[in-house]
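Inspection log for the structure reproduced underneath, given as structure tokens.
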Amino acid sequence: MCGIVGYIGHRDAFPIIIEGLKRLEYRGYDSAGIALFDGKNLKVSKTKGKVADLEKRVNKEISTNGSIGIGHTRWATHGVPNDVNAHPHYSNSGDLVIIHNGIIENYESLKKELVKRGYTFKSDTDTEVLINLIEDVKSKENVKLGKAVQVALNQVVGAYAIAVFDKNKPDEIVIARLGSPLAVGVGENEFFIASDASPFLEYTKNAIYLEDEEMAIIKANKEIKIRKIKDDSLVDPYVQELQMNLEQIEKGGYDHFMLKEIFEQPSAIKDTYRGRMLVKEGIIRMAGIDDNIEKFINANRIIIVACGTSWHAGLVAEYIFEDMARIPVEVEYASEFRYRNPVITNKDVVIAISQSGETADTLAAIKLAKTHGAFVFGVCNVVGSSIARETHAGAYTHAGPEIGVASTKAFTTQITLLTLIALKLAKVKGEISNSDYRYHLQELELIPEKVEKALKSEEHIKMIAAKYKNARNFLYLGRGYNFPVALEGALKLKEISYIHAEGYPAAEMKHGPIALIDENMPVVVIATKKGHYEKVVSNIEEIKARQGKIIGIVTEGDVNVKKLADYVIEVPESLESLSPLLTTIPLQLLSYHIAVMLEKNVDQPRNLAKSVTVE
Ligand code: AGP
């Protein structure tokens with residue numbers, strides 16, 4: 001996620017902002033920038049790369065005096081990481097500068113309007129559109145910066161945390177938030193602005209957290225006015241004294257990044273379909289797909305290449321693409337695909353899935369596919385990553401940085417993106433009725449709140465984790481769309497708790513694994529209402545007859561499995577094709593809590609790296 005830091009007060013702003021940006025580096029970013037005002041000149045310096053690179057560049061480019069400024073670390077969403085796309089962004093007049101964390105969904109239509117009014121753009125960012133919209137309102141309606149921001153934001157659809165500065169009004173900074181966090185540190189005659197409190201905790205423990213749809217005008221002479229963006233009404237500031245330490249703030253108050261990222265999934269899924277899925281209009285739009293739709297429609301088959309959790313997302317995609325779009329799909333381990341001399345033709349479409357965009361085997365598989373003339377599409381989470389640059393086209397999961405080595409929100413956002421692609425292709429091919437298509441969109445839009453609900457079982461899951469944390473082996477079973485989820489659940493447990501676990505299609509039990517079942521073998525069975533439910537129940541009965549310990553992942557209100565299983569964990573009902581987005585949640589939490597109880601290093605498990613950039 002992007003990082004925002006600002007300062008207005010009696011100290012030198014530069015060191016506070018630079019050190020504050022360093023505190024936000026844990027959020028992940030690819031470029032950084034700063035704007036300072038020294039009473040006369042507005043000075044901006046920005047660069048692709050790290051805060052340390054910015055620090056070097058600033059000292060060469062601009063004088064660093066001035067007691068008001070804003071700084072930014074950018075996690076690219078629109079526009080690749082480079083100096084031009086880095087924040088802050090100027091308005092056309094050069095009077096206003098902005099830094100922004102979030103995604104403006106309607107930036108293209110806003111940009112078209114502004115171009116008609118003579119505005120020009122240097123960058124590919126949605127942020128530069130926003131600062132010129134603010135300038136346009138300010139000049140047209142001849143209002144102050146605060147009012148211009150308020151009016152402009154009422155034309156914006158999307159998520160933002162912004163800080164804006166006008167060099168002609170150098171005693172104030174205007175901030176606003178919707179969907180992205182923004183905190184104000186309240187000092188003695190000074191204010192700090194940041195995405196979280198870590199940049200200003202050493203200066204003050206008094207903080208105001210802006211709520212969604214609130215903005216604030218912060219003046220140098222220690223005044224802060226908070227207003228509702230909708231109607232400009234005043235809001236009483238609530239100053240709280242912070243109790244968290246630095247490390248807790250970086251993890252958003254969670255004990256580990258992995259838990260934070262598990263709980264970020266509702267917003268990460270929403271950010272992934274934001275701007276791409278218009279439910280009311282029944283539209284799915286994704287440039288990488290729209291511009292290459294014929295290649296997908298006319299493909300002989302889709303080959304999915306990936307590793308680890310991304311490979312499991314690919315398996316879910318196989319069910320979705322074949323079931324909905326009727327396009328043949330093969331899912332390959334990239335490490336096998338690259339060496340087995342596969343048959344690839346120019347009628348094949350290859351989809352490469354990778355959170356990091358740097359996995360060596362996946363990158364090699366892409367290069368091999370390209371030598372045979374296949375069209376290669378990337379699904380990555382890191383903008384400008386090697387895989388994103390190597391593929392012919394692609395789409396980004398907007399999961400935000402995933403710090404925990406064990407992939408969680410990457411998995412659910414990959415499935416979300418692949419579901420949108422499959423629905424789009426099914427619609428274009430006429431393989432899905434309009435009513436089914438719209439029903440899927442409506443159900444997908446409900447997923448974030450259903451994930452929120454699934455997350456509420458955490459205490460119950462902790463109790464189950466305590467019961468089985470000393471087991472030496474687990475089995476995970478699922479059918480249909482949930483067979484890949486069984487594999488993913490087993491991988492989660494293995495990689496962070498070091499307990500051996502295997503995932504299997506539930507029907508495979510009688511072909512061997514059932515020999516393993518006894519009273520020491522916990523078996524996690526995904527038995528949601530949709531998708532071969534009766535058959536899974538009979539699999540559960542087979543396990544029970546052999547004293548296996550059964551943990552059922554069931555649809556809320558289920559009674560049949562409840563009678564048979566030792567424990568059940570409920571998830572909300574949804575379409576079978578969307579159920580992996582829900583059934584994976586309890587499996588993530590189960591593995592997390594078992595690993596914590598076993599005192600493992602959850603965020604950096606032994607022997608593992610977040611991105612396997614070597615063979
Ligand atoms: C999953 O929890 C692991 N972190 C690992 O299997 C990971 O999914 C795999 O290395 C692929 O990484 P990528 O998605 O960045 O390509």
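These numbers come from the heavy atoms of this one structure, side chains and all, not from hydrogens, waters or symmetry mates. Just so you know, ligand 1 is whichever comes first in the structure, and atom 1 is the first atom listed for that ligand.
Pairs passing the ring pair (Phe, Tyr, Trp, His ring centres under 6.0 Å) check and including a residue from residues 339-371, sequence neighbours excluded, do not occur.
No side-chain donor from either of Asn85 and Thr125 sits under 3.5 Å from a side-chain acceptor of the other. For the residue pair Thr408/Gln265, the side-chain donor-acceptor check at 3.5 Å is not satisfied. Side-chain contact, Lys494 with Ser591: no donor N or O sits under 3.5 Å from an acceptor N or O. A donor and an acceptor atom, one from each side chain of Glu25 and Thr73, are nowhere located under 3.5 Å apart. Residues Thr309 and Ser407 have side chains that never bring a donor and an acceptor to within less than 3.5 angstrom of each other.
Ring to ring, Phe296 and Phe377 are close: their centroids are under 6.0 angstrom apart.
The protein atom (non-hydrogen) at minimum distance from atom 6 (O) of ligand 1 is Gly308 CA, 3.2 Å. For atom 3 (C) of ligand 1, the nearest protein heavy atom (residue, atom name, distance) is Glu495 OE1, 3.5 Å. Nearest protein neighbour of atom 15 (O) of ligand 1, counting heavy atoms only, is Ser356 OG, 2.6 Å. The nearest heavy-atom contact from the protein to atom 12 (O) of ligand 1 is Thr359 OG1, 3.5 Å. The closest protein non-hydrogen atom to atom 10 (O) of ligand 1 is Val612 CG2, 4.0 Å.
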Which atom pairs, one a donor and one an acceptor, fall under 3.5 Å between side chains of residues 455-466 and the rest of the protein, sequence neighbours left out?
residue	atom	partner	partner atom	Å
Glu458	OE2	His593	NE2	2.7
His460	NE2	Val568	O	2.7

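Using a 4.0 angstrom heavy-atom cutoff, Cys307 counts as in contact with ligand 1. Note on ligand 1: Val405 sits in its first shell, one or more heavy atoms being nearer than 4.0 Å. Using a 4.0 Å heavy-atom cutoff, Glu358 is absent from the residues neighbouring ligand 1.
Remark: side-chain polar atoms of Lys530 are not paired, donor with acceptor, to backbone N or O of Leu575 under 3.5 angstrom.
Considering backbone and side-chain atoms together, Thr362 places no N or O closer than 3.5 Å to any N or O of ligand 1. Residue contacts with ligand 1: Lys610 is placed with no nitrogen or oxygen under 3.5 Å of a nitrogen or oxygen of the ligand (distance criterion only). Residue Lys492 has at least one N or O atom closer than 3.5 Å to an N or O atom of ligand 1.
Using a 4.0 Å cut-off to heavy atoms of Ser354, the atoms of ligand 1 that qualify are 13 (P), 14 (O), 15 (O), 16 (O). Near Ser310, with a cut-off below 4.0 Å to any heavy atom, the atoms of ligand 1 are 8 (O), 13 (P), 14 (O). Heavy-atom proximity to Thr309, at under 4.0 Å, picks out these atoms of ligand 1: 1 (C), 2 (O), 6 (O), 8 (O). Shown in contact with Ala406 at under 4.0 Å from a heavy atom are these atoms of ligand 1, numbered in order with element: 2 (O). Atoms of ligand 1 found under 4.0 Å from any heavy atom of Ser407 (numbered from 1 in listed order, with element): 1 (C), 2 (O), 4 (N).
Glu105 pairs in a salt bridge (Lys or Arg N to Asp or Glu O under 4.0 Å) with only one of the listed residues (Arg285, Arg274, Arg276), which is Arg274.
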